Amino acid sequence: MPVSVALAGRTARLEPLAPHHAQALAEAAAEDRTSYAFTPVPQGLEATERYIDHAVAEQAAGRMLPFAVISAADGRVVGATRFLELDYWQGPLVWPSVPGVPYGDPASAVPDAAEIGNTWLAPRAQGTGINSEIKLLMLRHAFETWGVRRISLRADARNTRSRAAIERIGATCEGVRRAHSRGLDGAVRSTAFYSILDEEWPAVRAIIELRIATITSPSAINRAIDRECIGHDGGAAGRLILA
């Protein structure tokens, strides 16, 4: 599985999600929850502890790499995100293939493709540039450290703000899978799938860096645009995929 890593930027840093984040994460999730319609966000301390325990167990099994999002301005936990759907293409070709299982020593494995999902931020962190920053940190780590070939993103097809934000950073829409899964509201949802390939990463990086520079002096328009990046869903309910 990929080694745990902390990633630091100008406005935010990402720490490996751990039990000691539970109280602060629960407090962040308890702020105005109206922006979480399409995103699974724990409610209450017990639910947050279960949320973290499940993420840590999935990490131990090599299936994801979860993070707590920390504001650089005040050191407070403001949300969470993760790499998931880790896939490995190295080693001898076998059939049928076994997705998610690395060849060789799993302790030193790096994926060839992954998703970014389960991303949510507390309202006080929305519109501040933090979401753009964490996307830059994660994509840069995936493409420039791991050397992935693809990062994927997905969103509930009804989440038009999230989909527009994904498209603005240069991700390619691969289509909408109709009646794909059950949404958080209990309805059968369709899911929009997006991807970014390694050869597309330099252009995408330039777009995100420009957004971050613009948000340094945010106008009402810039703040609204950055809010649209929040709410990428993940897990069984769906996820935002940066690939």
Side-chain angles (χ1 to χ4, degrees), residues 1-8 12-33 35-71 75-88 98-102 106-111 114-125 130-131 134-135 137-138 141-142 146 151-156 181-186 189 191 230-242:
M1 71 183 87
V3 176
S4 293
V5 63
L7 304 172
R13 69 179 186 271
L14 298 174
E15 297 180 356
L17 188 63
H20 72 265
H21 292 119
Q23 182 63 50
L25 195 66
E27 292 172 1
E31 296 181 23
D32 183 358
R33 296 180 60 86
S35 62
Y36 303 149
F38 300 105
T39 308
V41 177
Q43 187 168 14
L45 181 57
E46 289 187 11
T48 303
E49 290 172 340
R50 292 193 300 270
Y51 176 89
I52 293 175
D53 288 345
H54 177 264
V56 171
E58 289 291 285
Q59 178 178 352
R63 288 190 284 266
M64 67 175 58
L65 200 59
F67 298 96
V69 180
I70 314 296
S71 170
R76 298 175 66 185
V77 176
V78 294
T81 188
R82 65 189 64 180
F83 287 110
L84 62 168
E85 297 295 328
L86 307 175
D87 204 0
Y88 303 87
V98 184
V101 178
S108 60
V110 293
E115 289 184 8
I116 294 174
N118 282 111
T119 303
W120 62 270
L121 292 179
R124 61 185 149 88
I130 286 179
N131 187 62
I134 65 176
K135 293 300 184 293
L137 291 172
M138 296 177 76
H141 185 73
W146 287 345
I151 287 289
S152 303
L153 306 91
R154 73 178 75 176
D156 190 312
S181 63
R182 188 178 185 184
L184 288 179
D185 57 359
R189 57 167 268 182
T191 302
I230 307 302
H232 304 314
D233 51 12
R239 59 184 67 93
L240 167 64
I241 305 166
L242 293 172

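Remember, it's a predicted structure, so these values are computed and weren't measured experimentally.
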- Query: Does the side chain of P2 reach to within under 4.5 Å of the side chain of L86, using non-hydrogen atoms?
  - Reply: yes
- Query: Closest heavy-atom contact between Y36 and A29?
  - Reply: CE1-O, 3.8 Å
- Task: Kindly compute the distance separating CG (L17) from OG (S4), expressed to the nearest 0.5 Å.
- Result: 10.5 Å
- Quick one: pull up CG in L137 and CG in L14 and give me the separation to the nearest 0.5 Å. 5.5 Å
- Quick one: list whatever passes side-chain contact (heavy atoms from CB on, under 4.5 Å) with E15, sequence neighbours left out. R13, H20, H21, I70
- Straight-line distance of D156 CG to D185 CG, nearest 0.5 Å: 7.5 Å
- Hey, could you give me the CZ/OG1 distance between F67 and T119, rounded to the nearest 0.5 Å? 10.5 Å
- Query: Do you know which two heavy atoms are closest between P40 and L184, and how far apart they sit?
  - Reply: N-CD1, 3.4 Å
- How would you list all residue pairs meeting salt bridge (charged side-chain N to carboxylate O under 4.0 Å, His left out) that involve residues 24-33, not counting sequence neighbours? E31-R124
- How many angstroms lie between atom OG1 of T81 and atom NZ of K135, to the nearest 0.5 angstrom? 5.0 Å
- A114 and F83: which non-hydrogen atoms are nearest, and at how many Å? CB-CD2, 4.5 Å
- Pairwise side-chain contact, P66 with V56, heavy-atom cut-off 4.5 Å (strictly under): no
- Under the ring-ring contact (aromatic ring centres under 6.0 Å, His included) test, residues paired with H141 that sit two or more places apart: W146
Do any side-chain atoms of residues 44-53 form donor-acceptor pairs under 3.5 angstrom with protein atoms, and if so which ones, sequence neighbours left out?
unit_1	atom_1	unit_2	atom_2	d
T48	OG1	G44	O	2.7
Y51	OH	R82	NH2	3.3
Y51	OH	W120	NE1	3.2

- Query: Which pairs with one or both residues in residues 56-68 pass salt bridge (charged side-chain N to carboxylate O under 4.0 Å, His left out), sequence neighbours excluded?
  - Reply: E58-R63
- Item | Which atom of A122 lies closest to which atom of A28, heavy atoms considered | CB-O, 3.5 Å
